[in-house]
Amino acid sequence: MAEAAAGQERLDRIVELVATSMETEVCSIYLHRDEQTLELCATRGLKAASVHVTRMRVGEGLVGRVARNRAPINTADAPSTKGFRYMPETGEEVFSSFLGVPVQRLGERLGVLVVQSKAAREFSEDEVYALEVVAMVLAEMTELGAFTGEGEALKPRHAQQVLFKGVMGQEGAAEGVVYLHDPRVVITNPVSDDPEKECARLMEAVDKMRLSVDKMLSQASGDREQKEVIEAFRMFAYSRSWVRRMEEDINAGLTAEAAVEKEQTAARARMRDADPYLRERLADLDDLSNRLLRMLTGQGNDRGTLPENAVLVARNIGPGELLEYGRTLKAVVLEEGSVGSHAAIVARAWAMPLVLQATGITTEALSGDTILVDGDQGIAHLRPDDIVRSAFGEKLAMAEQAQQRYASIRDTKCVTEDGQRIELMMNAGLMADLPSLPTSGAEGVGLFRTELQFLTRNSVPRRGELAGLYARVLDAAQGLPVTFRTLDIGSDKVLPYMKAQDEPNPALGWRAIRVGLDKPGVMRMQLQALLRAANGRSMNLMFPFIAQMEEFLEARAHLTRELHRETSLGHALPETLKVGAMLETPSLAFAPRRFFQEADFISIGGNDLKQFFFAADRENERVRRRYDTLNVSFLSLIEKIVARCTETDTPVSFCGEDAGRPVEALCFAAMGLRSLSMRPASIGPVKNILLKADLGQVRSVIDEARDAGEQSVRPAVMEYLRRR
Ligand code: PEP
Ligand code: MG
């Protein structure tokens with residue numbers, strides 16, 4: 001198979017050889033023409049005229065089923081096997097026995113290799129295994145383009161234009177070149193005649209890999225949980241059966257790297273159907289395999305320098321890693337990831353276009369490919385053709401025009417056409433967000449999330465360090481108001497150095513203020529850091545996730561204690577200190593009137609509030625978008641909160657993601673909210689719509705839709721906006 005020859009000739013040789021050595025009448029190779037279609041590319045035993053003519057869909061017939069299930073089918077009685085389909089055009093007599101194995105590479109389907117014979121017999125385990133090894137080599141050769149190119153029937157892989165439909169993580173459009181976080185390793189030589197040498201190479205790499213894992217274990221912090229995870233990882237690294245399987249592959253004719261990849265491919269295929277626990281463990285194996293591959297091929301170790309206009313493409317990425325890449329990235333496209341994840345929060349803070357759940361992109365994209373990222377629609381065009389590219393260019397130009405419009409209204413106060421003043425604030429969480437304060441036109445920071453400093457470190461940050469950071473935030477704000485929110489951890493925000501709580505429903509579990517009140521040490525340290533940072537300046541503080549009045553009173557009592565302590569230490573107290581609560585559970589909307597009197601202000605955390613109101617996990621893509629924010633139930637809840645705050649003259653604002661969506665922001669304002677806090681990049685678009693709005697009219701449209709029994713007011717509001 002390593003012989004040099006043109007693609008078709010090589011395929012013809014392969015089917016010839018396999019049929020002869022396995023003593024079957026038929027051997028055929030089917031390769032993917034596109035994601036859903038297989039094409040007969042070479043055969044011995046079927047009609048020659050059907051080559052490059054016969055095609056089938058994934059899932060269709062036995063061949064299609066092998067492709068779909070990524071698993072062999074081995075039967076002595078093909079015609080009565082489920083899914084069998086007779087294909088007269090191939091001149092297929094009725095062959096009784098059928099053995100088909102998938103040609104796949106690291107989870108990517110490339111084709112199917114089949115042998116058939118008239119005599120009814122089931123193939124032995126050894127035969128199945130041998131055919132799988134051949135399929136593995138075929139996969140590597142396909143990847144290398146051995147059967148494609150000039151004059152060949154199939155287009156080369158990784159050359160076609162592909163559209164990825166994912167999920168919007170952050171709006172914005174960008175054109176750039178792919179930079180793979182984990183570049184794929186290319187195996188140039190999958191076969192070897194020298195198993196001894198290959199086994200020795202494998203063992204050398206395995207030893208090195210084990211050493212590095214041991215080192216990792218010895219460096220792990222004292223934390224038991226972390227040690228347990230690495231210990232499990234180490235068990236895999238020392239797994240004898242895994243190494244034995246790879247040695248068997250080498251003895252069957254593969255090189256060490258091809259053997260590693262064959263087992264990795266098999267593990268990935270198993271991973272698809274595994275339960276979450278097993279999937280995690282198999283992910284360990286995947287990681288170890290990648291280490292081995294990098295050692296054996298010497299590829300992929302070098303992070304290199306980022307190209308200009310780099311678009312980061314990764315399976316998933318943590319906030320720390322993303323921060324390391326920095327703001328120079330043009331956009332980020334992830335194969336997994338969720339809207340509520342911290343990497344997403346970082347990308348949003350940077351207003352960097354982000355597409356999530358772009359299934360298959362890490363296997364399809366190559367570093368250096370052109371890519372167009374459309375964050376608004378959650379899509380990415382890989383290797384776009386000229387038509388797509390020029391249409392995208394227009395989109396970029398329009399976005400540029402819109403930016404100019406936003407820049408022109410940056411210093412305009414936000415007053416609606418009917419004279420309502422709306423305060424527009426920005427959300428922040430990193431020092432790096434602060435430069436956006438003057439450029440976005442925000443009137444202050446309505447929500448400073450303090451978790452990120454805790455999440456990106458290996459241990460609890462020190463008080464002095466935090467005080468320094470908070471002071472720099474206040475410096476950068478230059479007298480504009482800043483509202484700091486105390487630590488909001490738990491649920492998805494798990495601190496690496498905090499014992500993970502094994503909770504059945506973490507979003508409903510021990511999180512945010514509940515942790516702060518039960519174990520006040522960290523919260524008090526943070527309050528001290530905040531007071532020191534203020535050093536006499538004015539400041540607003542709020543507590544996250546208050547579900548009932550008592551929690552607010554208790555948290556504020558901690559603050560009062562810290563204020564006394566600061567006084568007794570002779571430190572300056574803030575000139576004014578407003579203390580508020582985040583309203584993130586429906587219960588708080590129905591709290592006693594006294595709560596609204598006691599709180600200096602209330603900030604609606606719409607992300608959490610909405611998830612609890614509709615009982616729909618904000619991180620679960622399946623249910624997250626099922627319930628519209630402009631659903632009358634939700635708007636009525638907002639109306640209720642505004643009314644209760646008005647009764648007691650308590651300032652109220654909204655700081656969830658929805659505040660940054662122009663139509664939602666407009667409706668919130670119509671329901672009576674006069675302060676909205678959002679991502680800096682949203683301030684321009686939101687102000688733009690509000691300046692032209694007549695809130696009285698919008699409110700009438702909403703009320704009419706409500707009275708008419710609509711479920712969502714969105715259609716009516718959109719229709720009204722279109723008319724305007
Ligand atoms: C919210 O829940 O709306 C909110 C602003 O807080 P976070 O997104 O940090 O949970
Ligand atoms: Mg929240």
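For ligands, and for the atoms within them, numbers begin at 1 and follow the listed sequence.
Close contacts between ligand 1 and Cys655 involve ligand atoms 5 (C) [criterion: under 4.0 Å to a heavy atom]. Listed by atom number, the atoms of ligand 1 under 4.0 Å from Gly606 heavy atoms are 3 (O). The Gly656 neighbourhood of ligand 1 comprises atoms 3 (O), with distances under 4.0 Å to a heavy atom of that residue. For ligand 1, the atoms closer than 4.0 angstrom to any heavy atom of Leu447 are 5 (C). Within the listing of ligand 1, atoms 1 (C), 2 (O), 3 (O), 10 (O) sit less than 4.0 angstrom from a heavy atom of Asp608.
When non-hydrogen atoms are compared, ligand 1 lies under 4.0 Å from neither the backbone nor the side chain of Asn427.
Exactly one of Arg661, Glu664, Arg714, Lys610 qualifies for a side chain to side chain donor-acceptor pair (under 3.5 Å) with Thr629. That residue is Lys610. The residue from Phe552, Phe612, Trp510 that alone fulfils the ring pair (Phe, Tyr, Trp, His ring centres under 6.0 Å) condition with Phe545 is Phe612.
Classified by interplanar angle (parallel below 30°, tilted 30° to 60°, perpendicular above 60°), the ring pair Tyr470/Phe448 is perpendicular.
Checked against the Mg ion (ligand 2), the N, O or S atom of Asp608 at the shortest distance is OD2. Looking at Glu584, its N, O or S atom nearest to the Mg ion (ligand 2) turns out to be OE1.
Using a cut-off of 4.0 Å between Lys/Arg side-chain N and Asp/Glu carboxylate O, Arg421 and Glu443 are scored as salt-bridged. Taking 4.0 Å as the cut-off between side-chain N and carboxylate O, Glu417 and Lys692 do not count as a salt-bridged pair. Salt-bridge formation is detected for the pair Arg679/Glu657: a Lys NZ or Arg NE/NH1/NH2 atom is positioned less than 4.0 Å from an Asp or Glu carboxylate oxygen.
Which of Ile604, Asn607, Asp658 comes nearest to atom 3 (O) of ligand 1 through a heavy atom is settled by distance: it is Asn607. The heavy atom nearest to atom 8 (O) of ligand 1, out of those in Met582, Arg618, Arg511, Glu584, is found in Arg618. Here the shortest heavy-atom distance to atom 9 (O) of ligand 1, taken over Gln611, Glu451, Lys610, Arg449, belongs to Arg449.
Side chains of Arg706 and Ser636: a donor-acceptor N/O pair is present below 3.5 angstrom, by distance only.
For Met352 against Gln170, the heavy-atom pair with the smallest separation is O-CG, 2.8 Å.
Using a 4.0 Å heavy-atom cutoff, Glu657 is absent from the residues neighbouring ligand 1.
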